[in-house]
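See below for the structure under consideration.
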Amino acid sequence: MTTVRTRFAPSPTGYLHVGGARTALFSYLFARKHGGRFVLRIEDTDLTRSTVESVNTILEGMTWLGLEYDEGPFYQTQRFERYAQVIETLLQKGLAYRCDCSKERLEALRQRQMAAKIKPRYDGHCRNRQVSPDQPHVIRFRNPDQGVVVVEDLIRGRLRFHNEELDDLILRRSDGSPTYNLTVVVDDWDMGISHVIRGDDHLNNTPRQINILRALGQEPPRYAHVPMILGEDGARLSKRHGAVSVVAYREQGYLPEALLNYLVRLGWSHGDQEIFSLDEMIELFDLEQVHRSPATFDREKLTWLNQHYLQQADPKRIAHLLSPHLGKLGIDPSQGADLVQVVKVLAPRAKTLVELAEISAFVYRDFEDYDETAAKKHLRPVAREPLEALRAALEDLALDDWEPYTLEQVVKGVAERLQRKLGKVAQPLRVALVGRAASPSIDVTLQLVGKEATLRRIDRALAYIQHRAAQT
RNA sequence: GCUCCCUUCGUCUAGCGGUUAGGACGCUGGCCUCUCACGCCGGUAACAGGGGUUCGAAUCCCCUAGGGAGCGCCA
């Protein structure tokens, strides 16, 4: 039994998107499950489109998700010598050849083939032409003309491709740089990759790569092609579907474990289980259970998972992750109530860290405006009496008694004395304190706001009622 | 156009010849309740269509329809 070695091989032409992240996750899980190694390789042979910024955001995304690689990152641009060597071998063995067909000729050929309703492919014009190495030329692989390439895909099952459908692909461009199909083959071979887990957009490349590998006298690795992820409209997930960059989810207040959990359930399942820790994923993941059909990305379910993890997570950690989001609102949480306490009572009410920051803001600063419907409903003249009674009672409360139990007694006491239902007292107070009709229980809300701000905000509410009464 | 792939509630999925077709998200009715969430109880909704095979098909086979990918000196 050979060691399991998997790899994630993104090309640095953009950010790490959710589709790539899921492929990386599957590769990672498979390696971990089998005690193997997970390799990261940067496929940057397209010099014009690859950028270092892109490499950085991909690495950042993987780090955030916790997808740790054991080897790499390896850069293909640093391996050009090796590719040149392999191409030379192929050339010498007659398994590759030089081609000087002009782009015009190839274009004309393609047009003719399309017009004749046949699959456009290179016609092998230069196969036996002995093109001089001194001329500008590309190098093509001499693909077998006959026979069938059988791919035993771990997810798709047995797939057959006829060699007649394949043409002589380019291994080296006229500028001397190697192409994708050559570099993957060489790298997977050199890096001892046992299982190639990748997006199914590569499915059609697989027989070509197997042919190259065989020409080099190597046995191909196992393949597993995972279906892509679709947007809500059924088209391939892309920018216009909203956030597809993994890092964008962090900015939108999602937890990495939520995204990971969502991703692992997209196209894979273990019975009815919905919640998976990373350890469980590693233990239970299996390529055979990965679906063959593409899945649609559903932000609602991701959000639900995020809410779940927001509740489960250690409040200290959440507080730490929340700080930057509060910062964006101009709030410095070190000034005021203990953020961990705030998280404990408010986290169950938020779906994202962004939302948590928003609903926590009232603790640290006075709100801007009342929520219109809340104010209209609760800050009416009938609320004046209870608010005044509350203000008086709360003002008399010593700071040492400013804790939930006593605060609740005070509010209930006022309600009883005025012979009003608790809601008629607590709701106006709530709107006075947070500006909205929703907050944690009134005792806890009072505690978080603190005595000073409470009295100030009740005064503000009373003034508001006064002002409104005067207007009508 | 050609080659390859895919098809269970709106979405993610369970199912692997015999089930009232299950779960989750969403939506929704109710309970809880000082509000909002959480939680709990209930509801809504699917085997793409047509042929076979079989005593019996969501499950096996074929066809049709629909969807997707590939067909680059991109990866």
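The chains referred to below are lettered A, B, ... by the order of the sequence lines, with proteins before strands, and numbering in each begins at 1.
One finds no salt bridge joining A:Glu358 and A:Arg436 here, because no Lys/Arg side-chain nitrogen approaches an Asp/Glu carboxylate oxygen to under 4.0 Å. By the 4.0 Å N-to-carboxylate-O rule, A:Arg7 lies close enough to A:Asp188 to be salt-bridged with it.
Sorted by first then second residue, the ring-ring contact (aromatic ring centres under 6.0 Å, His included) pairs that include residues 196-215 of chain A, not counting sequence neighbours, are A:Tyr180-A:His202.
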Distance-only check: which donor-acceptor pairs under 3.5 Å involve side-chain atoms of residues 413-432 of chain A, not counting sequence neighbours?
residue: A:Arg420; atom: NH1; partner: A:Val382; partner atom: O; Å: 2.8
residue: A:Arg420; atom: NH2; partner: A:Glu385; partner atom: OE1; Å: 2.7
residue: A:Gln427; atom: OE1; partner: A:Arg430; partner atom: NH1; Å: 2.6
residue: A:Arg430; atom: NE; partner: A:Ser439; partner atom: OG; Å: 2.8
residue: A:Arg430; atom: NH2; partner: A:Pro440; partner atom: O; Å: 2.8

Which atom pairs, one a donor and one an acceptor, fall under 3.5 Å between side chains of residues 342-354 of chain A and the rest of the protein, sequence neighbours left out?
residue: A:Arg349; atom: NH1; partner: A:Val345; partner atom: O; Å: 3.0
residue: A:Thr352; atom: OG1; partner: A:Val354; partner atom: N; Å: 3.4
residue: A:Thr352; atom: OG1; partner: A:Glu355; partner atom: N; Å: 3.0

All N/O donor-acceptor pairs, side-chain side in residues 160-172 of chain A, below 3.5 Å, sequence neighbours left out:
residue: A:Asn163; atom: OD1; partner: A:Asn143; partner atom: ND2; Å: 3.4
residue: A:Asn163; atom: OD1; partner: A:Asn211; partner atom: ND2; Å: 2.9
residue: A:Asn163; atom: ND2; partner: A:Gln146; partner atom: O; Å: 2.8
residue: A:Asp167; atom: OD1; partner: A:Arg208; partner atom: NH1; Å: 3.2
residue: A:Asp167; atom: OD2; partner: A:Tyr122; partner atom: N; Å: 2.8
residue: A:Asp168; atom: OD1; partner: A:Arg127; partner atom: NH2; Å: 3.1
residue: A:Asp168; atom: OD1; partner: A:Asn143; partner atom: N; Å: 3.0
residue: A:Asp168; atom: OD2; partner: A:Tyr97; partner atom: OH; Å: 2.6
residue: A:Asp168; atom: OD2; partner: A:Arg127; partner atom: NE; Å: 2.7
residue: A:Asp168; atom: OD2; partner: A:Arg127; partner atom: NH2; Å: 3.3

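Contact annotation for A:Ser269: backbone-only contact, meaning every heavy-atom pair under 4.0 Å involves sugar-phosphate atoms and none involves a base. At a threshold of 4.0 angstrom between heavy atoms, the contacts of A:Lys103 include nucleobase atoms, whether or not backbone atoms are also involved. Residue A:Thr48 is out of contact with every strand shown, counting any heavy-atom pair closer than 4.0 Å. Within the 4.0 angstrom heavy-atom criterion, base atoms lie near A:Lys119. Note on A:Arg49: a base of the nucleic acid sits closer than 4.0 angstrom, heavy atoms only. Counting non-hydrogen atoms under 4.0 angstrom, A:Asp167 reaches nothing in the nucleic acid.
A distance of about 13 Å separates the C1' atoms of B:U19 and B:C47, rounded to the whole Å. Nucleotides B:U13 and B:G70 place their C1' atoms 28 Å apart, quoted to the nearest Å. Distance noted for atom P between B:A21 and B:C4: 37 Å (whole Å). Spacing of C1' atoms, B:A75 relative to B:C12, comes out at 29 Å, to the nearest Å. Only the C1' atoms considered, B:A58 is 10 Å distant from B:A46, to the nearest whole Å. Straight-line distance between the C1' atoms of B:U8 and B:A45: roughly 12 Å, to the nearest whole Å. Between B:A69 and B:G10, the two C1' atoms lie 25 Å apart (nearest whole Å). Comparing B:A37 with B:G18, their C1' atoms are spaced 45 Å from each other, to the whole Å.
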Could you go over nucleotides 4-7 of chain B and give all protein N or O partners under 3.5 Å, atom names and distances?
residue: B:C5; atom: O2'; partner: A:Arg156; partner atom: NH1; Å: 2.4

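Across all strands shown, B:A65 forms a Watson-Crick or G-U wobble pair, both distances under 3.5 Å, with B:U7. Here B:G39 sits opposite B:C31 as a Watson-Crick or G-U wobble pair (both hydrogen-bonding atom distances under 3.5 Å). The partner of B:U19, taking Watson-Crick or G-U wobble pairs whose two distances both stay under 3.5 Å, does not exist in any strand shown. Partner assigned to B:G72 is none, using Watson-Crick or G-U wobble distances below 3.5 angstrom. Summarising the base pairing, B:C47 is matched to no nucleotide, lacking a Watson-Crick or G-U wobble pair whose two defining distances lie under 3.5 Å.
Closest-nucleotide positions on RNA chain B for A:Glu165 and A:His270 were compared, and the one nearer the 5' end corresponds to A:Glu165. Where A:Thr296 and A:Met114 each meet RNA chain B at their nearest nucleotide, the meeting point lying more 5' is that of A:Met114.
Of the N and O atoms on the side chains of A:Tyr83 and A:Asp187, at least one donor lies less than 3.5 Å from an acceptor on the other residue. Under 3.5 Å, the side chains of A:Thr373 and A:Asp371 contain a donor-acceptor pair of N or O atoms.
Atom CG in A:Asp286 sits roughly 16 Å away from atom C1' in B:U13 (whole-Å rounding). For A:Arg198 and B:A69, the CZ to C1' distance is 13 Å, given to the nearest whole Å. Separating the CG atom of A:Leu263 from the P atom of B:U13 is a distance of 12 Å, rounded to the nearest angstrom. Here B:U11 presents its P atom at 22 Å from CH2 of A:Trp268, a figure rounded to the nearest Å. Atom CG in A:Asp123 sits roughly 18 Å away from atom P in B:C71 (whole-Å rounding). As rounded to whole Å, 14 Å separates atom C1' of B:U3 from atom CD of A:Gln113. At whole-Å resolution of the value, CZ in A:Phe297 and C1' in B:G10 are 17 Å apart. For A:Leu171 and B:G72, the CG to C1' distance is 14 Å, given to the nearest whole Å.
Using the six-membered ring where Trp is involved, A:Phe285 and A:Trp268 have ring planes that are tilted, between 30° and 60° apart.
Partners of A:Arg457 according to the salt bridge (Lys or Arg N to Asp or Glu O under 4.0 Å) rule, which considers only residues two or more places apart in sequence or in another chain, are A:Asp366. Under the salt bridge (Lys or Arg N to Asp or Glu O under 4.0 Å) criterion, A:Lys412 pairs with A:Glu408, sequence neighbours left out. Every residue was checked against the ring pair (Phe, Tyr, Trp, His ring centres under 6.0 Å) condition with A:Tyr75, not counting sequence neighbours, and none meets it.
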Spell out protein contact along nucleotides 20-44 of chain B as letters: B when the base is contacted, S when just the sugar-phosphate is, - when no protein heavy atom is under 4.0 Å; keep the 5' to 3' order. --BBBSS-------BBBSS------
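For A:Asp201 against B:A75, a side-chain-to-base donor-acceptor contact under 3.5 Å is absent.
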